[in-house]
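Working notes, structure below.
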Amino acid sequence: MTAQLNPFRNAFRLPTKQRINWFPGHMNKGMRQIQQKLRNVDCIVEIHDSRIPLAGRNSQFFDTITGSGVKPHILVLNKVDLLGPKQQRSVLQQLRRQQPELKNILFTNCKDQRNHGVLDILPLATRLVGDSSRYNRAQSAEHNIMIIGVPNVGKSSIINVLRNVHLKKRSAARVGAEAGVTRAVGERIKIQEKPAVYMIDTPGILQPSVTDDEMGMKLALVGCLPDHIVGEDLIADYLLYWLNKHRRYEYVEKLSLSSGPSDNISAVLAEYAQTHGMFHRVKQYDGQVEVMTNLLAAARKFIQFFRTGQLGSINLDEHA
Ligand SMILES: Nc1nc2c(ncn2[C@@H]2O[C@H](COP(=O)(O)OP(=O)(O)OP(=O)(O)O)[C@@H](O)[C@H]2O)c(=O)[nH]1
Ligand SMILES: [Mg+2]
């Protein structure tokens, strides 16, 4: 039996030659501050979005920090509520296959009342620090844990959860739905009393220029850079491309599309906007005001469905 051919696009190209690129000054400064503080760090906890377990993680900068293997390293895949339990197992298998050097992987969810997985971070870090040779820090009873990762993956949220639970103290790190909330490496934040454990929050760092277009689109889709940098129309088109390529057609019902799956983002957004009354007034060159379907509002809705898990649980790094 021959496999049925997928009639949709099997590659995604950016419409212009421009690279996806967001590297504001605070990231450059953050990189310097991270390097300066590294000497007094006992363990590095790298937080990433579990919907992109591979994409966007292997930046040169993070490799220089974690790659030497001198300091204990934990990879925390956060927002697992959006990945789903079934996908979790396959993500773990995928990581074990592709990056066998990663020994310490945890899945976490900061939105869950029970803080799924977050409370495992501290015992694991404490054990790894205890097993490591701390060189210049061998005499210190305190543990300093540095939290690193790309923007908007939940670094500050995780610090707050740990502080709330272990110290019963209110949040100390600013959290926000958009990328780039933490803009500098702050003072260390206490998260446990005995033995004293501190965490250092850091700004999310991206590669100065993302050379792999698909990787850039995945980062944009999960919200690691502000939507306007890439454009909601392009993000929505990438989402449609990905869903079709992976035969994930839940969007057809969610968007109430009458004619089934389609690879044409303008047609999809126009139909959704029409059936959901999304219109806006647009002034033409001749001064006339015309009522048109609001494609941007429809694109935002489509992206929001993905980001809130309403298109199903999705690992964007899964092979088609
Ligand atoms: N669904 C879900 N959302 C989460 C989770 N953890 C954090 N968030 C949300 O993700 C957004 C970003 O959280 P932050 O803690 O500010 O992320 P950050 O990595 O510190 O971001 P930057 O400081 O911008 O680099 C916020 O809207 C959080 O509420 C999670 O486990 N699940
Ligand atoms: Mg932050």
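Please read these numbers as outputs of a predicted model, since none were measured by experiment. In what follows, residues are counted from 1 in the order of the sequence shown. Counting starts at 1 for both ligands and their atoms, following the listed order.
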Side chains of Asn78 and Thr108, donor plus acceptor under 3.5 Å:
yes
Under 3.5 Å, is there a donor-acceptor pair linking the side chains of Gln207 and Asn21?
no
Any atoms of ligand 1 less than 4.0 Å from a non-hydrogen atom of Gly204? List them with their elements.
25 (O)
State, without any angle test, whether Thr182 and Ser156 hold a side-chain donor-acceptor pair at a distance under 3.5 Å.
yes
How far is atom 10 (O) of ligand 1 from the closest protein heavy atom, and which atom is that?
Lys79 NZ, 3.1 Å
Taking only non-hydrogen atoms of Pro151 and a 4.0 Å limit, the atoms of ligand 1 in range are 25 (O)
Atom 6 (N) of ligand 1: closest protein heavy atom, distance to 0.1 Å, is Asn78 ND2, 3.1 Å
State whether a side-chain donor-acceptor pair under 3.5 Å links Arg57 with Gln99.
yes
Provide the number and element of each atom of ligand 1 under 4.0 Å from a heavy atom of Leu82.
1 (N)
Minimum-distance protein heavy atom relative to atom 32 (N) of ligand 1:
Asp81 OD1, 2.9 Å
Ser156 OG to Thr182 OG1 via the Mg ion (ligand 2), rounded to 10°, gives 90°
Check: Glu271/Ser258 side-chain N/O donor and acceptor closer than 3.5 Å
yes
If you have a sec, work out which protein heavy atom is nearest atom 17 (O) of ligand 1 and how many Å separate them, to one decimal?
Gly154 N, 3.0 Å
In ligand 1, the atoms that come under 4.0 Å of a heavy atom of Asn109 are 30 (C), 31 (O), 32 (N)
Would you say Cys110 and ligand 1 have an N/O pair spaced under 3.5 Å apart?
yes
Examine the side chains of Asn244 and Tyr249 and answer whether a donor and an acceptor come within less than 3.5 Å of each other.
no
Got an N/O contact under 3.5 Å between Ala179 and ligand 1?
no
If you define the side chain from C-beta out and look only at heavy atoms, does anything of Leu82 sit under 4.5 Å from Arg307?
no
Just verifying a value: how many Å separate Leu106 CG and Ile121 CD1, rounded to the nearest 0.5 Å?
6.5 Å
Under a 4.0 angstrom heavy-atom cut-off, which atoms of ligand 1 come close to Gly180?
24 (O)
Using a 4.0 Å heavy-atom cut-off, say whether Thr182 meets ligand 1 through its side chain, its backbone, both or neither.
both
With respect to Val181, determine whether any N or O atom, backbone or side chain, lies less than 3.5 Å from an N or O atom of ligand 1.
yes
For atom 19 (O) of ligand 1, what is the closest protein heavy atom, and at what distance to 0.1 Å?
Lys155 NZ, 2.7 Å
So, regarding Ser156 and ligand 1 (criterion: nitrogen or oxygen to nitrogen or oxygen, under 3.5 Å), is there a contact or not?
yes
Parallel, tilted or perpendicular: ring planes of Tyr241 versus Tyr238, cut at 30 and 60 degrees
tilted
CG/Leu77 to CG/Leu92 distance, rounded to the nearest 0.5 angstrom?
8.5 Å
One finds that the ligand 1 atoms under 4.0 Å from a non-hydrogen atom of Gly176 are 11 (C), 12 (C), 13 (O), 16 (O), 26 (C), 27 (O)
Atom 21 (O) of ligand 1: which protein heavy atom is closest, and how many Å away?
Asn152 N, 3.0 Å
N or O contact, Val153 vs ligand 1, cut-off under 3.5 Å:
yes
Nearest to atom 2 (C) of ligand 1, what protein heavy atom do you find, and at what distance?
Lys111 CG, 3.3 Å
Give me the residue, atom name and distance of the protein heavy atom closest to atom 13 (O) of ligand 1.
Ser157 OG, 3.5 Å
Between Glu46 and His73, a side-chain donor and acceptor under 3.5 Å:
yes
Exceeds 12 heavy-atom contacts within 6.0 angstrom, atom CZ of Arg174:
no
For the residue pair Asn164 / Arg170, report whether a side-chain donor-acceptor contact shorter than 3.5 Å exists.
no
